[in-house]
Protein chains: 2
Amino acid sequence: MTALEPLDQAIVRELAGDGRCSFTDLAERVGLSVSAVHQRVRRLEQRGVIRGYTARLDTEAIGLPLTAFVSLTPIDPAAPDDYPQRLAHISSIESCYSVAGDESYILLVRVPSPAGLEELLRQVREAAKVSTRTTVVLSTPYEGRAPAL
Amino acid sequence: MTALEPLDQAIVRELAGDGRCSFTDLAERVGLSVSAVHQRVRRLEQRGVIRGYTARLDTEAIGLPLTAFVSLTPIDPAAPDDYPQRLAHISSIESCYSVAGDESYILLVRVPSPAGLEELLRQVREAAKVSTRTTVVLSTPYEGRAPAL
DNA sequence: GTTGAAACCATCTGAGC
DNA sequence: GCTCAGATGGTTTCAAC
């Protein structure tokens with residue numbers, strides 16, 4: 001995987017900071033013509049460097065005030081490792097990481113309440129035969145900051 | 001915090017899926033006029049329900065192929081709890097969560113290499129007087145999926 | 001790979017309901 | 001709070017370099 005050119009870096013940095021930034025603004029900020037920027041952004045999208053765009057939401061305002069990390073340990077270590085797939089339909093799971101260490105996976109989940117968390121854990125244990133360890137998030141000083149390029 | 005109206009829910013769901021969706025498209029998808037959608041989106045932004053927009057990037061393509069969770073435990077339990085602030089300048093830290101459990105904080109970090117991780121841990125220990133426990137991410141089956149509304 | 005211009009389309013505002 | 005319509009300004013394409 002070849003490293004990103006400085007101009008593409010600049011574009012990507014701007015779009016990480018403001019995903020709805022117009023091409024006109026973008027062009028000014030990176031010092032290129034509008035068409036050139038337009039072409040480069042399209043190319044970055046097609047190459048998969050930019051995987052998409054999303055609105056960053058206030059989890060409380062949308063009714064999911066409880067965030068938690070759920071670590072997964074397979075009950076049967078010999079079972080086929082298709083946990084992510086088995087859990088994909090559970091929409092409270094925002095992210096799924098395969099990790100090195102004591103556990104096999106770490107999930108980031110968002111639920112409306114402690115009752116929602118209980119329900120989620122039930123679903124997870126049912127869908128994948130795993131034991132779970134849950135770490136409740138008390139507050140989020142910051143999240144999803146733009147990467148350093 | 002009053003719950004989200006169904007129309008606002010629909011708008012927010014669409015923008016979580018495609019943050020660069022035009023107001024024209026958005027209007028069609030939620031069944032409203034363009035101006036009405038426009039007005040509602042602006043209101044959602046001002047109320048802080050929508051906190052911004054970002055490009056979702058391929059971490060490998062931008063030169064940060066190594067992701068890890070770093071758990072923090074204060075060395076002096078009586079020290080003032082200003083860790084997030086003390087760590088905020090470290091740009092490899094994407095997210096910082098205050099958590100219940102054995103540790104006080106969990107950081108999500110992105111670095112170019114194992115050497116970068118080592119350097120990051122040094123920086124973290126220096127900036128905050130904490131001991132760290134690191135869980136390396138091997139792969140990411142999914143991440144940042146749109147929330148269930 | 002960049003530019004500039006032209007055609008098209010989206011954004012945004014304000015008046016009216 | 002929604003709609004319509006008009007003015008502004010952004011997006012997208014294309015020919016040329």
Side-chain angles (χ1 to χ4, degrees), chain A residues 1-64 144 146-149, chain B residues 1-65 112 144 146-149:
Chain A
M1 185 118 290
T2 160
L4 228 47
E5 285 178 67
L7 270 171
D8 286 338
Q9 268 187 32
I11 289 171
V12 154
R13 195 183 310 121
E14 292 299 332
L15 287 175
D18 177 8
R20 264 184 101 86
C21 180
S22 75
F23 289 109
T24 310
D25 278 5
L26 205 49
E28 251 184 52
R29 294 190 208 171
V30 306
L32 234 54
S33 75
V34 174
S35 331
V37 166
H38 186 260
Q39 213 172 289
R40 291 179 96 109
V41 170
R42 288 288 168 263
R43 245 188 111 234
L44 288 165
E45 288 169 358
Q46 280 172 9
R47 283 171 52 199
V49 177
I50 296 173
R51 304 175 63 167
Y53 303 89
T54 48
R56 289 169 43 232
L57 304 173
D58 182 320
T59 54
E60 297 203 14
I62 62 173
L64 299 170
L149 297 170
Chain B
M1 186 118 288
T2 160
L4 228 47
E5 285 179 67
L7 269 171
D8 285 339
Q9 267 187 32
I11 289 171
V12 154
R13 195 183 312 122
E14 292 298 332
L15 286 175
D18 176 8
R20 263 183 104 84
C21 180
S22 76
F23 289 110
T24 309
D25 279 4
L26 205 49
E28 251 184 51
R29 294 190 208 171
V30 306
L32 233 54
S33 75
V34 175
S35 330
V37 166
H38 186 259
Q39 221 170 287
R40 289 179 98 108
V41 170
R42 288 289 169 262
R43 230 172 88 73
L44 288 165
E45 288 170 356
Q46 280 172 9
R47 283 170 53 199
V49 177
I50 296 173
R51 304 175 63 168
Y53 303 89
T54 45
R56 290 168 42 233
L57 304 173
D58 181 320
T59 54
E60 296 202 16
I62 62 172
L64 299 169
L149 296 171

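Order of the sequence lines fixes the chain letters, A, B, ..., with proteins taken first and strands second; residue numbering starts at 1 for each chain.
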Item to complete: Just compare D/dT3, C/dT2, D/dG1 and give me whichever is closest to any side-chain atom of B/Ala36.
Response: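 Comparing D/dT3, C/dT2, D/dG1 against the side chain of B/Ala36, the answer is D/dT3.
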Discussion item. Strictly distance-based, threshold 3.5 Å: is any side-chain N or O of A/Arg20 a donor or acceptor partner for the main-chain N or O of B/Cys21?
Written reply: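 Present.
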Worksheet entry | Which atom of B/Leu57 lies closest to which atom of A/Ala16, heavy atoms considered |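 Answer, listing the atom of B/Leu57 first, then A/Ala16: CD1-CB, 4.1 Å.
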Worksheet item: What is the distance from CG of B/Leu26 to C1' of C/dC9, rounded to the nearest Å?
Response: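 In whole Å, C/dC9 C1' lies 16 Å from B/Leu26 CG.
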Discussion item. Using the rule given for side-chain contact (heavy atoms from CB on, under 4.5 Å), can you reason through A/Leu15 versus A/Glu45, listing the C-alpha separation, both sets of side-chain angles and the distance that settles it, and then say yes or no?
Written reply: CA-CA 12 Å; A/Leu15 287 175; A/Glu45 288 169 358; over 6 Å; no
Discussion item. Taking salt bridge (Lys or Arg N to Asp or Glu O under 4.0 Å) as the definition, give me every residue that meets it alongside A/Asp25, ordered by chain and number, with sequence neighbours left out.
Written reply: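 A/Asp25 satisfies salt bridge (Lys or Arg N to Asp or Glu O under 4.0 Å) with A/Arg29 once adjacent residues are dropped.
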Item to complete: Can you sort out the partners of B/Arg56 under salt bridge (Lys or Arg N to Asp or Glu O under 4.0 Å), two or more places apart, ordered by chain and number?
Response: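 Expected list: none.
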Discussion item. I'd like to compare against my own output: the B/S/- annotation of nucleotides 5-17 of chain D with a strict under-4.0 Å heavy-atom distance to protein.
Written reply: B----SBBB----
